[in-house]
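Note that the numbering runs from 1 along the sequence shown for the chain.
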Amino acid sequence: MDRRTSTRVARGVRPLLPLVVVWLSGSIVLWALVRQDGIPYADLVLDPAQYERRPWYTGLVSNLGVLGWTTATVASAVGAGAAQRGGRSGAAQYLRAGASLSGLLLLDDLFQLHIIVPRTLGQPKMLFYGCYAVLAAWWAFSEARELLRTRWPLLAAAVGALATSVAVDVVGGGGEQALVIEDSAKFLGILAWALYFWMTTADIVGSLAASAPHPDPSASVLRSAAVVAEGPAAVVEPRPRPEPIGPRA
């Protein structure tokens, strides 16, 4: 294999390197799950509804909520990357913190950390909710300048709905009516949260695209006309620089 062929092969394989890293990491995780003896493998890999022989729609709203948290996390992370590349460091920092908070809420909802952790530590759920409230308040006040430049009423609606869900969970006393109010407020809050970060990222990307320099179409037309009229030399050849004024050194 000559050098040119090996270079072409290397260029073709290079885009697959991220896939190799991801598949290798995933294979290590799966291998560890197979080798461990503490938890049955089926409990870790099967869908809960299928494993427990329940209808396919079991936990439908909960799963949609997890997708909402995921949308918010990914959208804010993408917006942070776009803002950083566009030179808007303040917006990038704001969205990075938002992505971290959204990711934490995603993990909490997916693994029910607000139930498992307080029960394990013997602490009330309200203390766990309080930690989230402190993190959200710190993010909002420390990044207030960037926050107010966004569609913040969407975020306020999301926080209000989620706070209503938490309040009903803490003091609702159980019952079907309390469950309906709690889960409905939570789901609507997640939708508003995801919509806020989606639209914030769209606004930033649109702003960066609008402020990017665009080529002047009239300049392209004049350049083409000069090439046709006088030949390529009229455009390619540089103009002679004028002699400097004053005595030479």
**Q** Are L106 and V166 connected in the hydrophobic side-chain network, where two residues link if heavy atoms are under 4.5 Å apart?
**A**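 No; V166 is not reachable from L106 via cluster members.
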**Q** With the side chain counted from C-beta on, respond yes when T200 and L95 share a heavy-atom pair under 4.5 Å apart, and no when they do not.
**A**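 The answer is yes, as the side chains (C-beta and beyond) meet within the 4.5 Å cut-off.
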**Q** Between K125 and V170, is any pair of side-chain heavy atoms under 4.5 Å apart?
**A**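 SC-SC contact between K125 and V170 ruled out.
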**Q** Give, for atom CD1 of I115 and atom CD of Q112, the distance between the pair rounded to the nearest 0.5 Å.
**A**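 Result: 4.5 Å between the selected atoms.
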**Q** Do you know the tightest heavy-atom contact between A82 and L208?
**A**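 Residues A82 and L208, closest heavy atoms: O-CD1, 3.3 Å.
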**Q** Of all heavy-atom pairs between A99 and T73, which one has the smallest distance, and what is that distance?
**A**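 Heavy-atom minimum between the residues: O-CG2, 3.8 Å.
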**Q** Nearest heavy-atom pair of G65 and F187: which atoms, and what distance?
**A**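 Reported closest heavy-atom pair: N-CE1, 4.2 Å.
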**Q** Under a single-linkage definition using a 4.5 Å side-chain heavy-atom cutoff for Ile, Leu, Val, Met, Phe, Trp and Tyr, are L107 and L121 assigned to the same hydrophobic cluster?
**A**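 Shared cluster, yes.
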**Q** Would you mind checking if K186 and D169 are paired as a salt bridge, meaning a charged N to carboxylate O distance below 4.0 Å?
**A**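 Not counted as a salt bridge, because no side-chain N and carboxylate O are separated by less than 4.0 Å.
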**Q** Check whether any side-chain heavy atom of Q93 lies under 4.5 Å from a side-chain heavy atom of E146, and answer yes or no.
**A**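 A side-chain contact under 4.5 Å is absent here.
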**Q** Measure from the side-chain N and O atoms of Q36 to the backbone N and O of I39, and report whether any donor-acceptor pair falls under 3.5 Å.
**A**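 At least one qualifying donor-acceptor pair exists.
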**Q** Determine the minimum heavy-atom distance between S207 and R88, stating which atoms define it.
**A**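 Looking at all heavy atoms of both residues, the shortest contact is OG-NH1, 3.5 Å.
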**Q** Answer whether the closest heavy-atom distance between the side chains of N63 and L67 falls below 4.5 Å.
**A**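 N63 vs L67: side chains apart.
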**Q** Measuring from F197:CZ to L154:CG, what's the distance to the nearest 0.5 Å?
**A**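 Interatomic distance, F197 CZ to L154 CG, rounded to 0.5 Å: 11.0 Å.
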**Q** Drop me the distance from L30's CG to L44's CG, to the nearest 0.5 angstrom.
**A**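 Result: 10.5 Å between the selected atoms.
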**Q** Would you call Y132 and D108 a side-chain contact if the rule is heavy atoms closer than 4.5 Å?
**A**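 Of all side-chain heavy-atom pairs linking D108 with Y132, at least one is under 4.5 Å.
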**Q** For a quick test of reading the model, state the closest non-hydrogen atom pair linking G189 to A158 and the distance between them.
**A**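 It is O-CB, 3.5 Å.
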**Q** Does any part of the side chain of D183, heavy atoms only, come nearer than 4.5 Å to the side chain of V61, both counted from C-beta?
**A**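 Not in contact.
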**Q** Is the closest side-chain heavy-atom distance between L155 and L147 below 4.5 Å?
**A**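 Yes, close enough: below the 4.5 Å cut-off.
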**Q** Starting from the C-alpha separation in whole Å, work towards a yes-or-no answer on side-chain contact (heavy atoms from CB on, under 4.5 Å) for T150 and Y94.
**A** CA-CA 11 Å; T150 65; Y94 171 73; 4.2 Å; yes
**Q** Check whether any side-chain heavy atom of Y129 lies under 4.5 Å from a side-chain heavy atom of L162, and answer yes or no.
**A**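 In short, these two side chains do not touch, never coming nearer than 4.5 Å.
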**Q** Could you check, using the six-membered ring where one of them is a Trp, whether W152 and Y196 have ring centers closer than 6.0 angstrom?
**A**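 Between Y196 and W152, which both carry aromatic rings, the centre distance is not below 6.0 Å.
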**Q** Measuring from I204:CD1 to M199:CE, what's the distance to the nearest 0.5 Å?
**A**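 CE of M199 is found 12.5 Å from CD1 of I204.
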**Q** Tell me whether I190 shares a hydrophobic cluster with F111, the cluster being built from Ile, Leu, Val, Met, Phe, Trp, Tyr side chains joined at under 4.5 Å.
**A**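 I190 clusters together with F111.
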**Q** When rounded to the nearest 0.5 angstrom, what distance separates CH2 in W31 from CG in L24?
**A**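 Result: 12.5 Å between the selected atoms.
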**Q** If you group Ile, Leu, Val, Met, Phe, Trp and Tyr by side-chain heavy-atom gaps below 4.5 Å, do M126 and L105 land in one group?
**A**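 No.
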**Q** Using atom types as modelled and distance alone, determine if a side-chain donor or acceptor of T120 lies under 3.5 Å from a backbone N or O of I116.
**A**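 Present.
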**Q** Any donor-acceptor pair under 3.5 Å linking the side chain of S165 with the backbone of A161?
**A**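 It does not hold such a pair.
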**Q** Using modelled atom types and a 3.5 Å cut-off, is there a donor and acceptor pairing between side-chain atoms of W139 and backbone atoms of A144?
**A**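 The answer is no, because no donor-acceptor pair under 3.5 Å joins these two groups.
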**Q** Does S184 use its side chain to pair, donor to acceptor, with the backbone of I181 at less than 3.5 Å?
**A**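 Flag not set: sc S184 to bb I181 has no pair under 3.5 Å.
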**Q** Answer yes if V117 and L110 sit in the same cluster of Ile, Leu, Val, Met, Phe, Trp and Tyr residues linked by side chain heavy atoms under 4.5 Å apart, and no otherwise.
**A**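 Both belong to a single hydrophobic cluster.
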**Q** At their closest point, which heavy atom of F128 faces which heavy atom of H114, and how far apart are they?
**A**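 Answer, listing the atom of F128 first, then H114: CD2-CA, 3.4 Å.
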**Q** In terms of heavy-atom contacts, does CD of Q177 have more than 12 from other residues, nucleotides or ligands at under 6.0 Å?
**A**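 No - once you tally the heavy atoms of other residues, nucleotides and ligands closer than 6.0 Å, there are 12 at most.
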**Q** Is the side chain of T71 donor-acceptor paired with the backbone N or O of A194 at a distance under 3.5 Å, no angle test?
**A**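 No, T71 side chain to A194 backbone: no donor-acceptor pair under 3.5 Å.
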**Q** I'd like to know whether S102 forms a side-chain hydrogen bond (donor to acceptor under 3.5 Å, both in side chains) with W193, so could you lay out the CA-CA distance, the side-chain angles of the two residues, the decisive distance to 0.1 Å, and finally the verdict.
**A** CA-CA 9 Å; S102 299; W193 186 276; 2.8 Å; yes
